[in-house]
Every structure is written in C-alpha cells, then in structure tokens.
Amino acid sequence: MKVLVAGGAGYIGSHCVRQLVAAGHEPVVLDNLVFGHRAAVAPEIEFHAIDLGDAPALEPLFAAHRFDLVMHFAAFAYVGESVTDPIKYYRNNVAAPLTLLETMLKHGVRKFVFSSTCATFGVPTRLPLVEDLPQAPINPYGQTKLDVENLLKALARSHGLSFAAFRYFNAAGAAEDGAIGEDHDPETHLIPLAMGAAQGHRPALQIFGTDYPTPDGTCLRDYVHVDDLSRAHIAVFERLATPGAQLFYNLGTGTPTSVREVIQAVEQVSGLKVPVVVGQRREGDPPALYADAAKARTELNWVPKFGSIGPIVETAWRWHQAHPHGYGDRPSS
Ligand code: UFG
C-alpha cells in the first residue's frame, strides 16, 4: 500500500512509518515539523514539510501520488493547553484534518486511519473501557478527537469513506533497536520525566495526587508500547477494503499501572533513584483509565508484544540513555 502519513515525524507516527516499511508498504511522510523531528524519519523516505491544513500544498502531493490510504497522527495533544487555547486545538485538530479529508476524497482516496484517544471517553462510567461506552470528553483536546470521529462517520455515509479510529491509551516506549523514541517539547509525560529526573537532567518528579481511590492512591493508566500501537494500524488494512467501513478500537494492554509502579519500573530498569515530590492532583486527570482491547484482539488479531510496564520502560530507557536530549533539534534540547 502507498500510504500518506500525516504527522509521520511525530512520536507515534514515526514508529508507524518504520513498521510500514518493515511490512513492505510505501509510506510518504507529511509533517509541518512544529512538534515532529526530521531525524525521526529515515532519509530515504519521501518527506514533505507541509501542514495538513494547507490545501494548495496538498493538491500537488495528491496529484503526484496514487495513495491507497491516509494515516493521520498530526494532532496537538496537550490537554492543559487545549483548555487555555481551544481555538488552536479546534484549528489544528478539527479544521486541518477537514482540509486533508476534503482533498483526499477529491482525489479518490477513501481509506483513512485516525489517531483517536481514550480522552474521548472523559471519566469512564465503567472499567475496563470497551468501545461502545458513552463518550463525554472533559477537555477540548478529547472533544476535538471526538469531533473528528463524528466527521468520519458522516463521511462514511456520504462518500463511502472506510476508516479506523484507534483510541490510544498511554503510548510509551521506543523502537527496540533504539533508533527512534519519544521527544516532546515541552515534555509532560510521566515516563520521560521520571527518567530525566533519575538522571538529574530534570527536577524531581512531581506526583500529581496520592489521594485517588486506587490501591496506592496514585492514578492508574494503561501504558501501551508505541510499536504495538503501530502494528494495529497495519493489521486493520484488510478490513478497510470494505467501502464505508466504520471501525473503532481501544488500544491498550488492559493492565492498569499506577504512577508509583511506573516510578518503580524506571528505578529498576535504570538502577537509579527517581527523586519525587508529592503534589496536588492535575486538573482533568481521571483516577483510572484502562482498556478492554478484546475487539482489537478478535478482529485484528492484535496482541500487544509488550504486556507490562517493565519491558516498555526498558525500551524507553535505552533510547533515553543514548539520546538524553532527544533528537537535539530544539532550542531547549
Ligand atoms: N503524572 C505525574 N507527574 C507528572 C506527569 C504525569 O504524576 O509529572 C501522572 C499523571 O497525573 C497521570 C500519569 O502520570 O496520572 C500519566 O500522565 P501522562 O501525562 O504521562 O499521560 P496522560 O495519562 O495524562 O495522557 C495520555 C496522553 C494524552 C491523552 C491522555 C488521555 O499522553 O495525549 O492520556 O487521558 F490525552
């Protein structure tokens, strides 16, 4: 398959690009490099530094290629920022993909894979989270992802678009060969912050709340390896052959892991102590989020290779040790 990967230089997108190549497909990457890293994409892969909302720039790209499918990873994903600057989030996460979808449909491309999120569920009414539980996002980030899910449903009916929307739980880890990994600026995610604190490159890790109704009082999340997430994107290709297919999958390991357990895993893997301070709860953090991924297992034969936090952190640590400042292409790197 010839696949346009929007956001292919970002964390999850770049891992997916490598999996596509490994599976014999032909990715073409589009990324405006606001958050993505050019070095995350191998030089031999066709790369276009354009924005997915830039219709005049997309036109020649679609005219020059016969894409079989488009994957879209290029969203902003800072929950707190989405609360303070919703316009930025609606522009990038809703308006821009609207342009991408409009352009691809105009050029006869009718298969789409979308990075959605467990944040579309808000505070879950039941755990583990199955696909058809009510979706009630509690922040604009989650809402923008749900808006795109709804747009995709409408396009499936109006244009015969076939799509898969993957609701990721907590993407974590790095490529097993250590070639690419996680590098966000600013970094807000637990695992890289804990590793940076352990190495003394970052301040002590603040634990956001120890008074949650969970076994050790800290939040429970479902950490899923970024390469496992990527594999699901390829496993779904066959099902997208049906015109108008509307596919939703929750992607997690199903294992709830607390903040304290993640810290322990980082200490075990690194052999270093993670300095911590206990802080207040962070606004918008549900106490527990973990997936029931039975649907992906049954329909896509998707079984995560990394089933627990230790091996996931090992891959993250390998990358982090070799690249303590990430790709080194940002002023704060
Ligand atoms: N945490 C801390 N201290 C930190 C950072 C995080 O205690 O310095 C805690 C959080 O409170 C949370 C857990 O660690 O309980 C994981 O936090 P992350 O920020 O790593 O990840 P989130 O669960 O907040 O976010 C993930 C995705 C988002 C997505 C969200 C949906 O990264 O893109 O899930 O809930 F929106």
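For ligands, and for the atoms within them, numbers begin at 1 and follow the listed sequence. Values below: all heavy atoms of this structure, side chains included; hydrogens, waters and symmetry mates excluded.
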[X] side chain to [Y] side chain, donor-acceptor N/O pair below 3.5 angstrom:
X	Y	result
Glu299	Tyr249	yes
Ser14	His37	no
His107	Glu59	yes

Starting from [atom], find the nearest protein heavy-atom neighbour and note its residue, name and distance.
atom	result
atom 11 (O) of ligand 1	Asp285 OD2, 2.6 Å
atom 9 (C) of ligand 1	Val259 CG2, 3.7 Å
atom 21 (O) of ligand 1	Asn170 ND2, 3.1 Å
atom 36 (F) of ligand 1	Tyr141 CE2, 2.8 Å
atom 24 (O) of ligand 1	Arg282 NH2, 2.7 Å
atom 2 (C) of ligand 1	Phe208 CD1, 3.3 Å

Neighbour count >12 (heavy atoms, 6.0 Å) for atom CD, Glu283: no

Just wondering, are more than 12 heavy atoms of other shown residues or ligands nearer than 6.0 Å to CD in Glu238? no

Pull out every atom of ligand 1 sitting under 4.0 Å from any heavy atom of [X], numbered as shown with elements.
X	value
Thr188	5 (C), 19 (O)
Ile207	7 (O)
Gln206	2 (C), 3 (N), 4 (C), 7 (O), 8 (O)
Val79	36 (F)
Cys219	15 (O)
Leu193	8 (O)
Leu289	35 (O)
Tyr223	13 (C), 16 (C)

Solution key, residues 286-295 side-chain donor-acceptor pairs under 3.5 Å, sequence neighbours excluded:
residue	atom	partner	partner atom	Å
Asp292	OD1	Ala294	N	2.9
Lys295	NZ	Phe248	O	2.7

Heavy-atom protein contact below 4.0 Å for atom 30 (C) of ligand 1: no

Lys NZ or Arg CZ of Arg281 over Tyr212 ring: under 6.0 Å, within 45°: yes

Please check if the distance between the ring centroids of [X] and [Y] is under 6.0 Å.
X	Y	result
His25	Phe67	no
Phe73	His15	no
Tyr223	Phe306	no
His325	His201	yes
Tyr11	Trp319	no

Give the contacting part of [X] toward ligand 1: side chain, backbone, both or neither, where contact means a heavy-atom distance below 4.0 Å.
X	result
Leu205	side chain
Tyr212	neither
Phe169	neither
Ile191	neither
Leu190	both
Arg221	side chain

Closest to atom 32 (O) of ligand 1 (judged by heavy-atom distance), picking from His189, Lys145, Arg202: His189

Result block: side-chain N/O donor-acceptor pairs under 3.5 angstrom for residues 134-142, not counting sequence neighbours:
residue	atom	partner	partner atom	Å
Gln135	OE1	Arg167	NH2	3.4
Gln135	NE2	Thr120	OG1	3.0
Gln135	NE2	Glu149	OE1	3.1
Asn139	OD1	Tyr141	N	3.4
Asn139	OD1	Gly142	N	2.8

